[in-house]
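Since the structure comes first, as structure tokens, the remarks are kept for the end.
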Amino acid sequence: MEAQRVEKAKFDRIRSLQKAPIDDYYVSGHRTCAGCGPAINYRLVAKASGKNTIFVGPTGCMYVANTSYLCVPWAVPWIHAQITNGGGIGSGIAAAYEARIRKGKYHGPYPNVIVMAGDGGSADIGLQALSGAMYRDHDLLFIAYDNEAYANTGIQVSPTTPYGAKTTFTPPGPVVPEGKKLWPKDLAKLIVGGHPSVKYVATASIGYPLDLMNKVRKALNVEGAAFMHIHAPCPKGWGFPANKTIEIARLAVQTGMWTMWEFENGEFKLNIEPKKLKPVSEYLEVQDRFNHLTAEHKAKIQNFVNQKLATLGIKVPVEAVTA
Amino acid sequence: MATKKFLTGLGAAATAVKMADVDVITSFPIRPYTGVMMILSQMVANGELDAEFIHADGEHAQLSICHGASAAGARTFTGSSGVGVTYAFETYSPISGGRCPVQMLIADRTLDPPGDFGSEHTDALGCRDQGWIMGWAETPQEAFDNTLIYYRVGEDPRVRLPQFNCHDGYFVSHIPGEVEIPEQSQVDAFLPPYQPVHPLDPQNPVGHGPQIFPDQGPALEAMRHNAMMASMPVIEEAIGDFGRIFGRTYSPFLEEFMTDDADLAFFINGAHAQTARYAIGHLRERGVKVGLVKIRFIRPWPTDAVMESLSKFKAVGVIETNSSFGIARGGGILAPEVCASVYDAPQRPLIASFMAGLGGEPITLNEFYFVAEKLSQIARQGKAEKPVYWLGFEE
Amino acid sequence: MKSYQVKIPKEKLLPEAGIVKAPPPNGEQEGMITGCWRVLRPVIDHEKCTMCRSCWIFCPDQAIELGEEKMSVKLKYCKGCGICAGICPVGAIERVPELDFEDGVVRLEELF
């Protein structure tokens with residue numbers, strides 16, 4: 001009599017760009033900025049997930065910019081969620097399908113339920129709903145696309161905004177020379193650390209599209225809750241030219257400002273283990289949001305990165321030069 | 001064969017939820033509504049009800065999960081009380097505007113501060129502008145019946161609106177009364193399965209809730225208004241069918257008691273109507289011509305029915321078990337709506353509010369006698385000395 | 001029973017609950033045509049192009065089409081961000097000012 005989880009189809013690995021799925025389920029015709037990182041992410045996720053998908057879109061750039069006005073660019077079902085409740089709406093959809101398939105009220109395959117929330121809707125105002133969904137182990141994938149700010153409302157600070165970044169709520173000035181004083185939350189570690197039922201957690205970056213798409217598929221193959229934290233640079237918010245989005249994404253990984261790892265079946269695995277890191281200043285100096293930083297601030301960031309990588313087992317620290 | 005059971009309001013509602021074959025239930029504990037979820041969780045555990053019983057991370061989450069589930073085609077049920085109801089406030093308009101017929105049981109409770117478990121209607125009434133169908137059950141039988149009626153009305157393709165299925169905390173939620181439980185076949189005849197119009201289904205992709213430009217706003221709001229208005233004839237239809245199938249006939253919007261020759265009337269919402277009827281019986285013995293008008297739906301507010309009914313009386317006392325500090329006329333929430341209803345009447349009654357039962361206190365027979373006395377005075381003098389009386393604080 | 005419904009003229013009616021149809025896969029959303037944003041147009045040199053698909057995979061707007069023989073740009077939607085030109089490993093994409101083209105979006109009488 002015990003309620004069984006509904007069975008679902010499994011994805012294959014994408015071996016190369018030449019073998020990547022051709023079809024697009026996030027199509028042309030949306031108001032995202034030219035060069036938008038989160039838009040690239042959406043396209044890759046939709047491509048990896050395919051036709052049997054339902055997207056949940058909490059308020060943010062990937063809601064407002066994509067659906068202006070009264071139209072949608074997704075060729076699959078999509079529903080708006082409040083910025084507070086992506087995890088809740090996603091849980092509800094997952095539960096509805098479990099119940100209706102089991103009770104014979106729906107005759108079709110179990111869908112891929114994907115919540116596509118921004119960093120605010122995942123690490124901050126949406127954190128509770130995310131945690132609830134992970135704790136309850138609903139069969140869904142929660143993706144936090146991280147452009148490191150509340151971008152849609154005009155670039156305000158969020159808990160994943162890096163230390164030292166300028167945003168419209170953390171402007172630098174004599175009282176606060178660094179701009180943002182607080183160190184960012186590590187969302188993926190938050191999820192892995194305390195949610196015993198979550199079987200798959202991964203970080204990814206739009207700079208590495210095959211890796212991203214395959215991780216999405218692994219996450220969807222899992223029976224139960226999965227979480228991905230995806231780095232998606234924002235030309236407008238970070239202050240770099242629109243044609244540099246992918247370069248910036250790769251530079252983040254090459255300097256250790258973004259790390260690539262997976263947590264699968266209880267085991268932690270590094271996807272990119274750099275043998276030598278570029279100094280963070282190379283990353284900071286090409287973005288306007290950091291152009292007020294002194295050598296001292298940059299040294300602090302270098303130390304933070306060295307420490308963060310050390311905890312992941314990557315011991316290739318770059319010297320933090322304070323002058 | 002219908003059976004008779006002695007059930008609390010919560011027990012009766014849970015029984016109706018089971019018979020309605022709900023698919024998704026979201027729980028979170030808060031007094032006094034929690035019991036309905038305790039009963040439902042046992043029904044699910046026993047295999048009596050096949051539903052996803054979800055432990056939400058708070059009331060806002062309860063509603064959010066129901067929203068997603070309803071949009072995906074499930075019949076959903078949730079509930080709360082007091083500050084739990086207000087915590088979920090953000091979700092109410094998205095759910096009603098998204099035309100998801102979620103049902104929420106509200107066993108009402110006085111709002112904080114501070115903690116007060118007693119009944120007041122403010123928690124639910126505070127949500128009256130959010131586009132949900134809303135009404136109070138006076139007894140456990142009505143709690144059972146309303147559960148089915150509200151799903152039937154809310155899920156009707158002409159309506160598709162969520163519903164607040166309310167009743168007084170403790171007075172109805174916890175005090176048992178006799179409930180006639182029908183046969184499953186009767187329930188199935190009255191309440192068809194939920195057929196969503198555009199569910200989230202990969203076999204038929206749609207987008208729910210894209211951003212709009214302000215000039216698209218007026219039409220969308222007018223359409224929501226029309227849906228709420230469309231619910232009125234559907235309510236009449238449903239109540240008619242209910243009577244035929246279950247043998248219990250309700251007056252759809254207003255219930256009158258001893259009003260035929262009355263000069264005075266108590267206008268009331270919810271469980272204190274029980275005490276009011278006893279008071280009226282005694283008052284009638286003393287020659288006071290007073291009757292009771294009980295309102296069964298707060299939303300949609302039955303303006304015409306209220307105007308027609310209250311025009312008969314010289315003076316009407318609106319019993320207010322709610323608070324809205326600084327509202328027009330300085331009393332409770334119902335009186336301004338009552339006054340608006342009779343505004344166009346050729347013959348308007350004199351209206352006074354009576355703040356009663358606040359904090360969850362019972363309204364005593366003596367308090368009803370006081371109301372009747374004041375109404376008599378008002379009718380005699382042709383005007384009220386003041387618009388609002390606070391029972392327990394008057395000389 | 002009197003109805004308090006408001007009459008909405010047909011031309012003002014919107015989809016109920018704001019629920020809208022999805023475009024088809026590989027299709028387009030004409031509700032937001034973005035080709036008119038473009039200042040620099042990507043021009044592909046098909047001789048140099050190796051069909052590695054980098055430009056196609058990284059386009060945020062699905063504006064590079066994967067043809068049988070060659071890659072092409074959907075001018076109706078390309079915003080001119082230049083990611084494709086930057087990512088091309090063989091430098092086969094050049095960014096040319098829209099003004100240089102007879103059919104440049106800045107010159108069009110009617111946009112698409």
Side-chain angles (χ1 to χ4, degrees), chain A residues 1-3 25 31 50-57 59 63-100 102-103 105-109 111-113 128-129 131-133 135-136 138, chain B residues 21-26 28 44-47 50-58 60-76 78 88 90-91 93-94 97-98 100 102 193-194 196 198-216 220:
Chain A
M1 261 239 94
E2 199 187 306
Y25 293 89
R31 206 182 183 210
K51 189 172 191 303
N52 186 31
T53 304
I54 299 176
F55 279 117
V56 178
T59 306
Y63 167 54
V64 179
N66 273 323
T67 65
S68 297
Y69 291 103
L70 206 64
C71 63
V72 295
W74 300 283
V76 291
W78 167 89
I79 183 169
H80 176 221
Q82 303 307 296
I83 194 173
T84 51
N85 66 14
I89 303 267
S91 298
I93 297 171
Y97 272 93
E98 294 275 356
R100 282 165 49 79
R102 183 178 66 236
K103 291 164 87 166
K105 291 185 179 181
Y106 180 78
H107 307 286
N112 298 312
V113 181
Q128 183 181 302
S131 179
Y135 155 67
R136 290 188 300 266
H138 291 284
Chain B
D21 193 29
V22 164
D23 299 314
V24 173
I25 299 168
T26 60
F28 189 82
V44 171
N46 290 344
D50 188 353
E52 295 290 295
F53 188 88
I54 298 173
H55 310 145
D57 44 287
H60 186 286
Q62 282 177 279
L63 271 298
S64 305
I65 297 167
C66 281
H67 184 178
S70 183
R75 179 173 283 163
T76 60
T78 189
E90 183 197 33
T91 65
S93 183
C100 293
V102 172
Y194 172 43
H198 295 294
L200 294 168
D201 182 353
Q203 297 181 38
N204 225 322
V206 288
H208 281 222
Q211 182 82 13
I212 60 163
F213 200 72
D215 70 1
Q216 292 159 331
L220 282 175

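Convention: sequence-line order gives letters A, B, ...; per-chain numbering from 1.
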Side chain / backbone / both / neither for Val22(B) at chain A, heavy atoms under 4.5 Å: backbone
Rounded to the nearest 0.5 Å, what separates atom CG in Leu63(B) from atom CD1 in Ile89(A)? 9.5 Å
Lys105(A) bridged to Asp21(B) by N-O distance under 4.0 Å: yes
What pair of heavy atoms forms the shortest contact from Pro77(A) to Leu200(B), and how long is it? CB-CD2, 4.1 Å
Against chain B, work out which of Thr84(A), Val76(A), Val56(A) has the most heavy-atom pairs shorter than 4.5 Å and name it. Thr84(A)
Scan residues 71-83 of chain A for pairs that pass side-chain hydrogen bond (donor to acceptor under 3.5 Å, both in side chains), counting only residues two or more places apart or in two chains. Thr59(A)-His80(A)
Nearest non-hydrogen partners of Arg100(A) and Ala72(B), listed with the distance: NE-O, 3.7 Å
Do the non-hydrogen side-chain atoms of Thr53(A) and Pro202(B) ever get within less than 4.5 Å of each other? no
Could you tell me which non-hydrogen atom of Ala96(A) sits nearest to which non-hydrogen atom of Ala69(B), and how far apart they are? CB-O, 3.6 Å
Region of Ala65(A) in contact with chain B, defined by heavy-atom distances below 4.5 Å: neither
What part of Thr76(B) is in contact with chain A, defined as an atom under 4.5 angstrom from a non-hydrogen atom: side chain, backbone, both or neither? neither
Contact leader toward chain A among Pro94(B), Gly73(B), Pro199(B), Ala74(B), where contacts are heavy-atom pairs under 4.5 Å: Gly73(B)
With a 4.5 Å cut-off on heavy-atom pairs, point out which of Asn85(A), Asn112(A), Val72(A), Val113(A) contacts chain B the most. Asn85(A)
So which of Ala51(B), Cys66(B), Ser70(B), Pro205(B) has the biggest tally of heavy-atom pairs under 4.5 Å with chain A? Pro205(B)
Which atoms form the tightest heavy-atom contact between Asp50(B) and Lys103(A), and what is the distance? O-NZ, 2.6 Å
With sequence neighbours left out, write down each residue that passes salt bridge (Lys or Arg N to Asp or Glu O under 4.0 Å) with Lys51(A), or none if nothing qualifies. none
Can you give me the closest heavy-atom contact between Pro109(A) and Gln203(B), atom names plus distance? CD-NE2, 4.3 Å
Distance-only side-chain donor-acceptor flag, Tyr135(A) / Asp57(B), under 3.5 Å: no
Provide the closest heavy-atom pair for Pro210(B) versus Tyr63(A) in the form atom of the first, atom of the second, distance. C-OH, 3.4 Å
Between His198(B) and chain A, with a heavy-atom cut-off of 4.5 Å, which part of the residue counts as in contact: side chain, backbone, both or neither? neither
Straight-line distance of Tyr97(A) OH to Asp201(B) CG, nearest 0.5 Å: 4.0 Å
Comparing Thr26(B), Ile54(B), Val206(B), Ile65(B) against chain A, the one with the most heavy-atom pairs below 4.5 Å turns out to be Ile65(B)
Please state whether the side chain, the backbone, both or neither of Phe55(A) comes within less than 4.5 Å of a heavy atom of chain B. neither
Side chain, backbone, both or neither: which part of Val24(B) has a non-hydrogen atom closer than 4.5 Å to chain A? side chain
So how far is it from Thr67(A) OG1 to Gln211(B) CD, rounded to the nearest 0.5 Å? 5.5 Å
